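Below you'll find the structure, written out as structure tokens, and then a few comments.
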Amino acid sequence: MPGGAIRFPGLCIVGAVCARGGSKGVPRKNIKAINGMPLIGHAIRCAQATSIFEAIVVSTDDAVIAAIGQAFGAEVPFLRPPELARDDSPKWPVFRHLVENWEAGSGRRIDILVDLDIGVPLRAPEDIVNCVDVMLKGEAEVVGTAYEAERNPYFNMVELAPDGFATIVKPVRTPIAARQHAPQVFSLSPSVIAVRRHALWKHEHWSQAKFQVHVVPRERAIDIDTDLDFRFVEFLMAGAAAGRR
């Protein structure tokens, strides 16, 4: 985004593009081409368009992904260890590993780390900038993207009790008969997650931090986990491209 670097002067903001080699839902998802570009390329290009990053760093355990990340202009100063690249590896330790290794190699101290999930290629540069802006205007330790949820736990979501009967997830004294009367709730999207450096060691999970959301349109928050998701995003990208012609 033009002017982004001037907007946040004096801050070391680093973009994290986390891309392990394994992917079960969509095999080799991170480098699979969509709209003529590998998914990892979409994340890097979007980050570059903001002009707010000191560096855009790919964290991967995979040499092929590392080479593609570098070809798109990102830094790949290290490979992620196998224990941080399993199916069940949480991202928080991956963030810590990235921060420690990048700082050791660069001699710089990161102020804000911004994770850009590769599976959300429809994010816009302003989504990234706005998450950082929300953080800097307040006391949030973590800011993430979210969209208005399709379902509401006060109205049309249930959970099963031990006796097998279903109950509303968030019951209230007077049952809610219309969705518009229910408290507004949001679904989180991994599109953008901005984290203050100290929060990575102060907390063991983002939910323990002072957390705020930046609301984005649903179509910019779609997360690719399956082949169906992949085809749907391809459809949306093709429609957007046709609309620009």
Side-chain angles (χ1 to χ4, degrees), residues 16 18 20 22-27 29 39 84-96 113-124 127-128 130-131 134-135 137-196 199-236:
C18 300
R20 66 186 183 88
S23 176
K24 291 184 177 178
V26 180
K29 176 179 75 173
L39 270 176
L84 294 180
R86 299 193 301 260
D87 288 342
D88 59 351
S89 297
K91 266 194 170 180
W92 214 247
V94 174
F95 295 162
R96 290 174 177 170
L113 185 73
V114 182
D115 180 55
L116 307 173
D117 195 286
I118 289 176
V120 193
L122 293 171
R123 77 171 62 78
D127 299 334
I128 302 171
N130 288 337
C131 280
V134 168
M135 175 170 283
K137 286 179 177 177
E139 298 181 357
E141 295 173 307
V142 181
V143 176
T145 41
Y147 57 93
E148 187 174 359
E150 299 94 335
R151 297 284 173 177
N152 192 303
Y154 293 90
F155 175 61
N156 58 1
M157 294 183 68
V158 299
E159 59 184 337
L160 296 181
D163 61 8
F165 289 104
T167 59
I168 288 287
V169 173
K170 296 277 286 185
V172 292
R173 182 174 299 176
T174 301
I176 295 171
R179 180 174 176 173
Q180 57 266 38
H181 297 155
Q184 193 174 25
V185 296
F186 298 91
S187 292
L188 296 179
S189 167
S191 172
V192 184
I193 303 175
V195 186
R196 293 187 191 269
L200 288 170
W201 281 270
K202 180 181 177 182
H203 308 291
E204 293 302 317
H205 190 266
W206 62 265
S207 63
Q208 299 168 337
K210 293 180 179 177
F211 179 67
Q212 287 184 264
V213 299
H214 169 62
V215 180
V216 299
R218 175 70 181 96
E219 63 272 15
R220 296 215 299 261
I222 298 169
D223 184 15
I224 296 176
D225 281 324
T226 67
D227 280 321
L228 179 61
D229 297 331
F230 198 94
R231 293 196 298 271
F232 183 47
V233 171
E234 279 187 313
F235 170 78
L236 292 177

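Here the structure is a predicted model, which is why all the values come from computation and not from measurement.
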Mind listing the closest non-hydrogen atom pair of Val213 and Phe211 along with its distance?
CG1-CE2, 3.6 Å
Rounded to the nearest 0.5 Å, what separation is found between the NE2 atom of His181 and the CG atom of Asn152?
12.5 Å
Could you measure the distance from the CD1 atom of Ile193 to the OG1 atom of Thr145? Nearest 0.5 Å is fine.
7.0 Å
Would you say the side chain of Ile168 lies within less than 4.5 Å of the side chain of Pro175, judging by non-hydrogen atoms?
no
Could you tell me if Arg179 sits above the aromatic ring of Phe155, with its cationic atom closer than 6.0 Å to the ring centre and no more than 45 degrees from the axis?
no
To the nearest 0.5 Å, what is the distance between CG (Leu200) and CG (Leu113)?
6.5 Å
Could you check whether any side-chain heavy atom of Arg96 comes within less than 4.5 Å of a side-chain heavy atom of Trp201, counting everything from C-beta outward?
yes
Tell me if a side-chain donor or acceptor on Glu141 pairs with a main-chain N or O of Lys210 at a distance below 3.5 Å.
yes
With a 4.5 Å limit on heavy-atom distance, are the side chains of Ile118 and Lys29 in contact?
no
List the atom of Ala182, the atom of Ile176, and the distance in Å for their closest heavy-atom pair.
CA-CD1, 3.8 Å
If I take atom NE2 from residue His203 and atom CH2 from residue Trp92, how far apart are they, to the nearest 0.5 angstrom?
7.5 Å
Keeping the roles fixed (side chain from Ser191, backbone from Ala221), state whether a donor-acceptor pair exists under 3.5 Å.
no
Ignoring hydrogens and angles, tell me if any N or O in the side chain of Asp223 forms a donor-acceptor pair with the backbone of Ser189 under 3.5 Å.
no
Restricting to non-hydrogen atoms, name the atom on Arg196 and the atom on Ala140 that form the minimum distance, rounded to 0.1 Å.
NE-O, 2.7 Å
For the residue pair Arg20 and Asp87, establish whether any side-chain heavy-atom pair is separated by less than 4.5 Å.
yes
From Lys170 atom NZ to Met157 atom CE, the distance as rounded to the nearest 0.5 Å:
11.5 Å
To the nearest 0.5 Å, how far apart are NE2 in His214 and CE in Met135?
13.0 Å
Tell me if a side-chain donor or acceptor on Arg218 pairs with a main-chain N or O of Glu148 at a distance below 3.5 Å.
no
Residue pair Trp206 / Val195, side-chain heavy-atom distance below 4.5 Å:
no
For Glu150, does the CD atom sit with more than 12 other heavy atoms under 6.0 Å from it, leaving out its own atoms?
yes
Just by modelled atom types, is the Arg123 backbone N or O under 3.5 Å from a matching donor or acceptor in the Asp127 side chain?
no
Lys91 versus Asp115: any side-chain heavy-atom pair under 4.5 Å?
yes
